[in-house]
Student: 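Below are the structure tokens for one structure; questions will follow.
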Amino acid sequence: MTRSLSGSLKHLSPPALLRLVSATGASGTLELVTDAGVIQIDIVDGGVRMATERDLRVVAQILESHDGSYRFSPLVGGGGETDVILDAADFLAAVQTVSKNKRTPFSSEIDVDALIAGEVLEVSGGAAKPAIHLLSEVSAENPLDDLLEDLAETAPDELLLAQVGVVSQDPRPWRGSVDREWRRRGWQVRLFGVPDDVDPQNLDALVVHQQLSITRIGREEDWLELVRRADAEGTPVIWVGPLGDPVWVGHLVEAGVDFLLPSVQTEGGEAGHRFFQALGTVVDRWLSRGRGTGAEVEIPQAVTELVDTLLHGVEADEALGSFLQLAASQLARGAVFSVEGTSVRCRAGFGYPLGSGGGVLPRGIGLLERMIRDGEEISGLDPSSGGAMQLAKAVGLAELHSETVVLPLGTRARVQGFLLGDREGEALPDMGDLAMLAKRLGGAFF
């Protein structure tokens, strides 16, 4: 895909554009049109080609503008012979040195005076790029069970388990392997015997399990009223039972049932295992609905198209590496975690002593589950809290800094992971552009 793409600088600032293009290793021309002037910046394999006679002070004025537009024209095959190629971080550092007479963090030394004077520079690799470590997938079964139990005993207030109500005349199947498996997912089963006992307001999802049609005989209206009450509270209802009566199915649909699943004759054996596996998938799907990545803030279509173009044909691990390179322009350390069915697992990172802490956490830790549910970033945290301590151990630290950020990654539909990062105790920068890009980039490597 080589067509030019354009957008507004109100959606993505010039520095963020440069960092994004650099992180993906793209080549092309980035044109910026602002009230302060118009410039064309040549990008070669993620680096900035800059004729040394160019006046950085003019460039600085343009790069600081947030009013105007951009156009990126991709180039296939790189840029061939060049004059001076600066890493994007070095280029921005040079610009900021000229405009504010100070150097930005995480940049290599650049003699700006020599650059403006037109002297030839020896630039080898630009700013030191972080060493990104990809972690292998590890088993996350029994150790997580123990950790979850420890947290439940020592810091129950820091757990956040989704409340899944189950109305069933036979509670036995739900108290064994199903209860354990769902707890690993971060769900707590709350059992009820009759519809009158259920308060949907306190539930995240409701499963009604009727193995036989006779269960509802004589109390049809009570069951339908339960569905209506849950629907009024916005609590999804998964109805499990005989579906051979079309009239009854019609009443359930009218009352507000969200999903209908036929029951099985027995909850044991292979058939029972497949049934509960399917039911767990359905519950997870409905619990995930309404949990997004801050979807109330729409990602501009132009930004989406630009990201898609830069990542076209890129493998998942490469996209993950590009995102971490982008994060490294603002953070000293970072780690990407994936949110999985029964665990939260570290995928890759830089700066942290990854590997020494195991990199895996159970579902249900309140600090993370709130972020997974509402899709809102966490900027600053209490290092002494149970959740923060467990997160610190996962990246090989004894304790996190209070100036730590957690950015949700994923799509509009759901949070699929998050970025953990800090500046080793220094104040966090404005993460607006990175947070917005995270919502789009996250879907490329999960």
Side-chain angles (χ1 to χ4, degrees), residues 1 3-24 26 28-43 46 48 50 54-74 88-89 91-96 98-100 104 292-312 319 322-323 325-331 374-379 405 407-412 419 421 427-444:
M1 186 177 184
R3 68 184 179 88
S4 296
L5 297 168
S6 59
S8 172
L9 295 180
K10 292 181 179 179
H11 297 150
L12 204 58
S13 67
L17 280 166
L18 278 174
R19 294 186 186 112
L20 175 62
V21 174
S22 177
T24 58
T29 301
L30 179 63
E31 182 182 57
L32 303 176
V33 181
T34 72
D35 292 339
V38 179
I39 59 170
Q40 287 188 338
I41 302 175
D42 293 332
I43 312 295
V48 178
M50 191 179 67
R54 182 173 293 177
D55 187 349
L56 283 184
R57 291 182 178 84
V58 175
V59 177
Q61 293 177 356
I62 295 175
L63 289 182
E64 289 179 353
S65 177
H66 290 274
D67 291 322
S69 62
Y70 69 85
R71 177 183 294 275
F72 179 69
S73 302
F91 177 74
L92 292 171
V95 168
Q96 196 161 41
V98 169
S99 63
K100 298 182 180 179
T104 57
T293 51
E296 69 278 359
V297 179
E298 185 72 26
I299 301 176
Q301 182 64 27
V303 175
T304 296
E305 290 183 353
L306 177 62
V307 172
D308 288 348
T309 298
L310 293 173
L311 295 180
H312 179 67
S322 295
F323 175 72
Q325 292 287 356
L326 184 63
S329 65
Q330 293 183 274
L331 300 170
D374 60 29
E376 297 295 331
E377 71 177 75
I378 302 170
S379 183
V405 68
L407 294 181
L409 304 172
T411 63
R412 283 180 60 100
L419 168 71
L428 293 168
D430 180 3
M431 307 294 290
D433 286 328
L434 184 61
M436 178 178 66
L437 289 172
K439 297 171 187 175
R440 185 67 191 88
L441 283 164

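Numbers for residues simply follow the sequence, beginning at 1.
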Student: Could you tell me the separation between the CG atom of L434 and the CZ atom of R19, rounded to the nearest 0.5 Å?
Tutor: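 Rounded to the nearest 0.5 Å, the CG-CZ separation comes out at 9.0 Å.
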Student: Tell me whether S22 contacts the main-chain N or O of L18 through its side chain, where contact means a donor paired with an acceptor under 3.5 Å.
Tutor: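 No, because the side chain of S22 does not come within donor-acceptor range (under 3.5 Å) of the backbone of L18.
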Student: Check whether any side-chain heavy atom of D67 lies under 4.5 Å from a side-chain heavy atom of T34, and answer yes or no.
Tutor: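 D67 does not reach T34 side chain to side chain.
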Student: Which value, rounded to the nearest 0.5 Å, describes the distance between I41 atom CD1 and T29 atom OG1?
Tutor: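 Interatomic distance, I41 CD1 to T29 OG1, rounded to 0.5 Å: 10.0 Å.
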Student: Considering only heavy atoms from C-beta outward, does the side chain of Q40 approach that of L30 to under 4.5 Å?
Tutor: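 When only atoms from C-beta onward are counted, L30 and Q40 do not touch, as no gap falls below 4.5 Å.
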Student: Would you say the side-chain atoms of S65 pair up with the backbone N or O of I62, donor to acceptor, closer than 3.5 Å?
Tutor: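 A pair under 3.5 Å: no.
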Student: Taking all non-hydrogen atoms of both residues, which atom of P429 and which atom of Q330 are closest, and how far apart?
Tutor: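 Scanning both residues, the minimum pair turns out to be CG-O, 3.7 Å.
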Student: Under 3.5 Å, is there a donor-acceptor pair between the side chain of E377 and the main chain of G432?
Tutor: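 It does not hold such a pair.
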Student: Can you find a pair of side-chain heavy atoms, one from I39 and one from E31, that are under 4.5 Å apart?
Tutor: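 In short, these two side chains do not touch, never coming nearer than 4.5 Å.
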Student: Side chains of L428 and L331: closer than 4.5 Å at any heavy-atom pair?
Tutor: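 They are in contact (side-chain heavy atoms under 4.5 Å apart), so the answer is yes.
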Student: Taking the side chain as every heavy atom from C-beta outward, state whether I378 and L407 have any atom pair closer than 4.5 Å.
Tutor: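 Heavy-atom side-chain distance check fails, nothing below 4.5 Å.
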Student: Looking at every heavy atom in both V303 and Y70, which two are closest together, and how far apart are they?
Tutor: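 Looking at all heavy atoms of both residues, the shortest contact is N-OH, 4.2 Å.
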Student: Which heavy-atom pair separates S4 from R71 by the least distance, and what is that distance?
Tutor: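 In this case the closest contact between S4 and R71 is CB-NH1, 3.7 Å.
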Student: Run the side-chain donor-acceptor check on residues 5-14: report pairs under 3.5 Å with partners two or more places apart or on a different chain.
Tutor:
unit_1	atom_1	unit_2	atom_2	d
S8	OG	K10	N	3.1
S13	OG	A16	N	3.4
S13	OG	D433	OD2	2.8

Student: Is the shortest heavy-atom distance from the side chain of I43 to the side chain of V48 under 4.5 Å?
Tutor: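 Yes - at least one pair of side-chain heavy atoms lies under 4.5 Å apart.
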Student: Any side-chain heavy atom of L310 within less than 4.5 Å of one from L306?
Tutor: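 Yes, their side chains come closer than 4.5 Å.
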Student: Would you give the length of the straight line joining atom NE2 of H312 to atom OG1 of T24, rounded to the nearest 0.5 angstrom?
Tutor: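 Output value for this atom pair is 13.5 Å.
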Student: Do F323 and L409 come close enough that some side-chain heavy atom pair is under 4.5 Å?
Tutor: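 F323 vs L409: side chains touch.
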